[in-house]
Amino acid sequence: MKIEFEPSWKFRSAPVAPLLVPLLLAIQRSGSLAAAARAIGYSYRHVWNLLGDWNLRMGQPLVELAQGRGARLTPLAVKLLELDERARTRLAPHLAELVREFERELHGEASAMPRLKLHASHDLALEQLPELAEDALALELQFHGSVESLEALARGECDLAGFHVAEQWQAPEILQRLKHGAQKLIGFAVRDQGLIVARGNPTGIQGLRDLLRPGLRFVNRQGGSGTRLVFDQLLARAGMEGSRITGYAREEFTHVAVATAVANGSADVGFGIRAAAAQQELGFIPLVNERYLLACAADRLESPELKKFLALLRGKPFRAVLAALSGYDNAITGRVMDVEEGLAGPRPARVAARG
């Protein structure tokens, strides 16, 4: 039995009708109310009444109907869809973990199966790991920021903490939370981070300094995330202040959410991984290479759980996952390293703040 969670939202005064968002999406795609009604399996009269009810509730129309021109969404309806997509994207990783938890309970998972708790910074490859592991290992994955994940490891709340650091330098916030000698690092992947821009880069963004241009809207990652630490370091090395960037205070909690904001036009540029840009066919300007690493207690490496986890990382199925993601490299995948070795990536030339 497979479980699904479907997020929904409502105003305090009245719930959003379940059909409203699918209907608006269908109108946006088809440009016709009649075609949209057929697409969602309801009569024209039903969806007409639904829209009439919500036009009254909102105090303004959601759809403009004109003879000979079909139907089109008003700016308010476009904003509702944008907010709905933002919420779904932000919740997706957490809902995926809840699905796995429900299924484990419903299926009466054997207590003898090795179990690992992993708190980690968001990553597209990591999202796929629990499903790959399910026959041999119960992998409980929760996405948090890099700093928060390392702090959870220190408190004994998880077995592995996923974080990432730029190969050009290391963030003090990460370094001070690693225990040299008492911890080992497991290589997960090397990946690219940079500026995510609209397809074709219509605003002509070339580098960091372009973010200061008037009218350019930026979308950031949340404070405490590894990506935010890397971005702030890039700004500092370029002599730039985040407060001068329009949208610096707008935060999203995953790379996909950042890419979605650019894709739907609510932002012109964001900072994230190349794979998230490629997933939505967006442009990408590389700025930094980074190592994604997993920290664990050194004395846990010989445990059955860690051995199975390492075998999973080194196996062909997971290598195929990495190969399918743009901007990922498996040069360190599955390698066990001391803290010093894990952080000591190659030192390419300093990233320029072009533009």
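As the structure is a computational prediction, the values presented were derived from the model and not from experiment. As a basis for the values below, the full set of heavy atoms in this structure was taken, side chains included, without hydrogen atoms, waters or symmetry mates.
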Identify the heavy atoms of [X] and [Y] that sit nearest to each other, and give their distance.
| X | Y | value |
| --- | --- | --- |
| L343 | Q170 | O-NE2, 2.8 Å |
| A276 | I196 | CB-CD1, 4.5 Å |
| L310 | G334 | CD2-O, 4.0 Å |
| R291 | M337 | NH1-SD, 4.1 Å |
| A36 | L23 | CB-CD1, 4.0 Å |
| A161 | S149 | CB-O, 3.4 Å |

Side-chain H-bond candidate by donor/acceptor type, R250 with S266, under 3.5 Å: yes

Could you check whether atom [atom1] of [X] has more than 12 heavy atoms from other residues, nucleotides or ligands sitting under 6.0 Å from it?
| X | atom1 | result |
| --- | --- | --- |
| Y248 | OH | yes |
| Q176 | CD | yes |
| R244 | CZ | no |

Derivation and outcome, side chain to side chain contact (heavy atoms under 4.5 Å, CB included), residues V288 and Q233: CA-CA 11 Å; V288 64; Q233 285 180 313; over 6 Å; no

Nearest 0.5 Å please: distance from the [atom1] atom of [X] over to the [atom2] atom of [Y].
| X | Y | atom1 | atom2 | value |
| --- | --- | --- | --- | --- |
| L211 | I245 | CG | CD1 | 5.0 Å |
| L178 | E340 | CG | CD | 9.5 Å |
| Q183 | R300 | CD | CZ | 12.5 Å |
| L150 | K179 | CG | NZ | 10.5 Å |
| Q142 | E157 | CD | CD | 9.0 Å |

Geometric class of the F231/F218 ring pair [parallel <30°, tilted 30-60°, perpendicular >60°]: parallel

Ring geometry between Y292 and H164 (parallel below 30°, tilted from 30 to 60°, perpendicular above 60°): parallel

Pair F271-Q193, side chain to side chain contact (heavy atoms under 4.5 Å, CB included): steps then yes or no: CA-CA 7 Å; F271 185 75; Q193 289 241 54; 3.8 Å; yes

Ring centers of Y328, F188 separated by less than 6.0 Å: no

Full working for side chain to side chain contact (heavy atoms under 4.5 Å, CB included) between L195 and L287: CA-CA 7 Å; L195 299 177; L287 293 180; 3.8 Å; yes

Single-linkage hydrophobic cluster V165~V147, side-chain heavy atoms < 4.5 angstrom: yes

Can you tell me if [X] uses its side chain to pair, donor with acceptor, with the backbone of [Y] under 3.5 Å?
| X | Y | value |
| --- | --- | --- |
| R319 | T333 | yes |
| R228 | R221 | yes |
| D268 | R217 | yes |
| D53 | L50 | no |

Stepwise side chain to side chain contact (heavy atoms under 4.5 Å, CB included) check, I273 with L325: CA-CA 10 Å; I273 58 175; L325 290 170; over 6 Å; no

Check [Y] with [X], please: is the shortest side-chain N to carboxylate O separation under 4.0 Å?
| X | Y | answer |
| --- | --- | --- |
| K184 | D338 | yes |
| D159 | K117 | no |
| E305 | R115 | no |

W54 six-ring centre to R57 NZ/CZ under 6.0 Å and within 45° of normal: yes

